[in-house]
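Worth saying up front: this structure is predicted, and the values here are computed from it rather than measured. Each chain gets a letter, A, B and so on, in the order its sequence line appears, and its residues count up from 1.
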Amino acid sequence: MAQALNGLEYGMLLFLLSVGLTLIFGMLGVVNLAHGSFYALGAYAGIAVAVFTGSFWLALCVAPLVVAGVGAAIERSCLRPLYARGPNAQVLLTFGFIYVFDDLLRWLWGSHVRSVAPPAALAGVVALGPGRFPVYRIFVILFGLAVALLLWLALERTRLGAIVRAGVWDAEMAAGLGVNVARVFTAVFAAGAGLAALAGVVAVPIQAAYPGMGVEILVRTLIVVVIGGLGSLEGSLAGSLILGQAETFGKAWLPDSSMFIIYGVMAAVLLLRPTGLFGRALR
Amino acid sequence: MLEVDAIHTFYGESHVLDGASLEVSRGQVVALLGRNGAGKTTLVRSIIGFERPRRGRIAWEGAAIQGQPPYAIARRGVGLVPQGRRLFAPLSVAENLVFGARPGPWTADRVYALFPRLRERAEQGATTLSGGEQQMLAIGRALLTNPRLLLLDEPSEGLAPLIVRELGRVLAALKGEGLAMLVVEQNLPLALRVADRVNVLSRGRVVYHGSPGELATDEDVKRRYLGIQ
Ligand SMILES: Nc1ncnc2c1ncn2[C@@H]1O[C@H](COP(=O)(O)OP(=O)(O)O)[C@@H](O)[C@H]1O
Ligand SMILES: [Mg+2]
């Protein structure tokens, strides 16, 4: 039971990360390899705000906004000039940003593991059947579900959401009907960066922050996107929940081969559905 | 209102439009004919701004628009019904219809009055429609941007003869409203019925232009450039 809840909580973190990555890929055609760096940047920025102001909640609001701003600046200044050149140049560029951010974080905060305690309201544990479960992890699960619901409403029920869904399908056609897709690209990239940072802040009281955290989570996030299908919110949620459970149970039962299990799950899904659970064939 | 003046458009090194020129005047329906691969779609893509011609000029209401981004050209009043329709599959019929809506005489209600089937299916996914209905949706979607010029790239492609006849009525009705259109067609009878002027494209150049009546009797042009015996 506790294991399943841990998996659910971890899955929610993966969802916050992968939903941005999958929408960015779907719309901009860019696999943003710096996505994990936004996660790490969010974690460290969150710690800074929490330490400076003493408020975890303020950190949860401010850090994602800051990182979203960083994401918007990167998209506009570095990625946008490269769209005409096709995806390779951009993927390479985002790869470069992994090192830039890694160095930046080490320079600013050193290589130590850092953490902050969960806010007082969410400290402690609750009894759950025979065992006990940290309140904060329950908060993460509910928070992830709330974000998923809000994102779904924003995508399905608003005009901007319709533009994003249309843009994931056929961005050129959206432009041909008068939509300034470049601006929407920036907004999607910034939102994805902000969500990754949100995951980073949320993760800090559980997993602490350390310089390699971005790359570590990037691999998982990419696998989630592949399992769920590129460009799909539903797929990103399903893939996150599956991988969250697979990795958590894998670590408990077969601690030495949990990575093997993750790749096994991915291979199994791809064998059954080559485009991922909610993916569509690329045109 | 639209003047395409000797444009050269490339895909990489492949030289597709080789000095193509044509004109559409206010309220006029101009047909663009030519064999597969002649460059018709490339010409349409150059007008809407999907491709940037390396040389030549495209003037819209007197101002050069070549090299401007597509959204800016669309907002100036150019509507696009692309080849293959390119509806947004993740969106419902209604969402597709109002996707690029801008204020003007065309409203969703007017489009629904023109194509009642779309109203019945408003909440369905766009790709659940039949081919003919999808084409009407693509036209409705472009009309709701309230264009002054409508670009239609092979609207009859893949449609059953009965539906093509209905399409002909729709195009005639739009023409009756004074909407200028550039219609790319392989269906010669349809093109000759609605067009005021006819252009024939071959290897990236307009090799013939005239009235529909002149082309209808010009067996030589029909045989050489349209493959009609
Ligand atoms: N995206 C593209 N990249 C490279 N070549 C293209 C592309 N699109 C079309 N072409 C080539 O350009 C020529 C003209 O194509 P197109 O404009 O689609 O012709 P049409 O619409 O008259 O059938 C063809 O030879 C086609 O193969
Ligand atoms: Mg064509």
Side-chain angles (χ1 to χ4, degrees), chain A residues 19 22-23 25-27 29 76 80-81 83-86 88 151-188 228-236 275-276 278-283, chain B residues 11-12 41 44-52 67-104 106 123 125-127 137-147 150-153:
Chain A
V19 69
T22 204
L23 287 179
F25 177 83
M27 191 157 190
R76 286 198 78 132
R80 189 179 288 188
Y83 285 122
R85 293 223 203 149
N88 288 346
L151 278 177
W152 184 85
L153 285 173
L155 271 175
E156 296 294 326
R157 295 280 180 273
T158 69
R159 167 144 177 82
L160 184 63
I163 290 175
V164 172
R165 280 181 293 140
V168 167
W169 183 258
D170 189 344
E172 184 183 76
M173 190 59 217
L177 291 165
V179 170
N180 184 347
V181 267
R183 277 212 333 236
V184 183
F185 278 15
T186 308
V188 168
L230 301 168
S232 152
L233 178 129
E234 292 87 345
S236 147
T275 56
F278 289 79
R280 60 178 165 89
L282 292 174
R283 279 154 306 149
Chain B
Y11 294 111
T41 297
V44 170
R45 291 178 60 82
S46 303
I47 295 171
I48 195 68
F50 290 167
E51 308 297 339
R52 184 194 185 120
Q68 286 199 11
Y71 80 88
I73 296 172
R75 287 180 190 180
R76 281 165 174 260
V78 181
L80 174 65
V81 181
Q83 184 162 20
R85 308 186 262 274
R86 292 173 75 173
L87 297 175
F88 301 116
L91 273 57
S92 69
V93 169
E95 286 175 322
N96 267 280
L97 192 57
V98 303
F99 183 81
R102 282 189 290 279
W106 281 100
E123 297 311 316
T127 42
L137 179 54
I139 293 173
R141 179 177 70 174
L143 285 175
L144 274 194
T145 69
N146 278 292
L150 193 57
L151 309 172
L152 297 116
D153 194 348

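Contact annotation for B:Pro69: neither backbone nor side-chain heavy atoms come within less than 4.5 Å of a heavy atom of chain A. Heavy atoms of B:Ile73 lying under 4.5 Å from chain A are absent altogether. With a threshold of 4.5 angstrom between heavy atoms, B:Arg76 does not approach chain A through any atom at all. Heavy atoms of B:Arg52 lying under 4.5 Å from chain A are absent altogether. Heavy-atom distances place the side chain of B:Ile48, and not its backbone, under 4.5 Å from chain A.
No donor-acceptor pair closer than 3.5 Å links the side chain of B:Trp106 to the backbone N or O of B:Pro147. Listed for the B:Arg75 side chain is a donor-acceptor partner under 3.5 Å among the backbone atoms of A:Gly178. Between the B:Arg141 side chain and the B:Gly100 main chain, no donor and acceptor come within less than 3.5 Å of each other.
Residues B:Leu80 and B:Val44 have side chains in contact (heavy-atom distance under 4.5 Å, counting atoms from C-beta outward). Considering only heavy atoms from C-beta on, B:Arg45 stays 4.5 Å or farther from B:Asp153 through its side chain.
Atom CH2 in A:Trp169 sits 10.0 Å away from atom CG in B:Leu87 (nearest 0.5 Å).
Residues of residues 180-188 of chain A lying within less than 4.5 angstrom of chain B, judged on heavy atoms, are A:Asn180 in numerical order.
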Audit row: B:Glu95, B:Phe88, side chain to side chain contact (heavy atoms under 4.5 Å, CB included) steps and yes/no: CA-CA 9 Å; B:Glu95 286 175 322; B:Phe88 301 116; over 6 Å; no
Report the C-alpha separation of A:Val179 and B:Tyr71 in whole Å, then their side-chain angles, then the decisive distance to 0.1 Å, and conclude whether the side chain to side chain contact (heavy atoms under 4.5 Å, CB included) test is met. CA-CA 5 Å; A:Val179 170; B:Tyr71 80 88; 5.6 Å; no
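Options B:Ala74, B:Pro90, B:Gly49, B:Ala142 differ in how many heavy-atom pairs under 4.5 Å they form with chain A, and the most are formed by B:Pro90.
Under the rule for a ring pair (Phe, Tyr, Trp, His ring centres under 6.0 Å), A:Phe278 has no partner lying at least two apart in sequence or in another chain.
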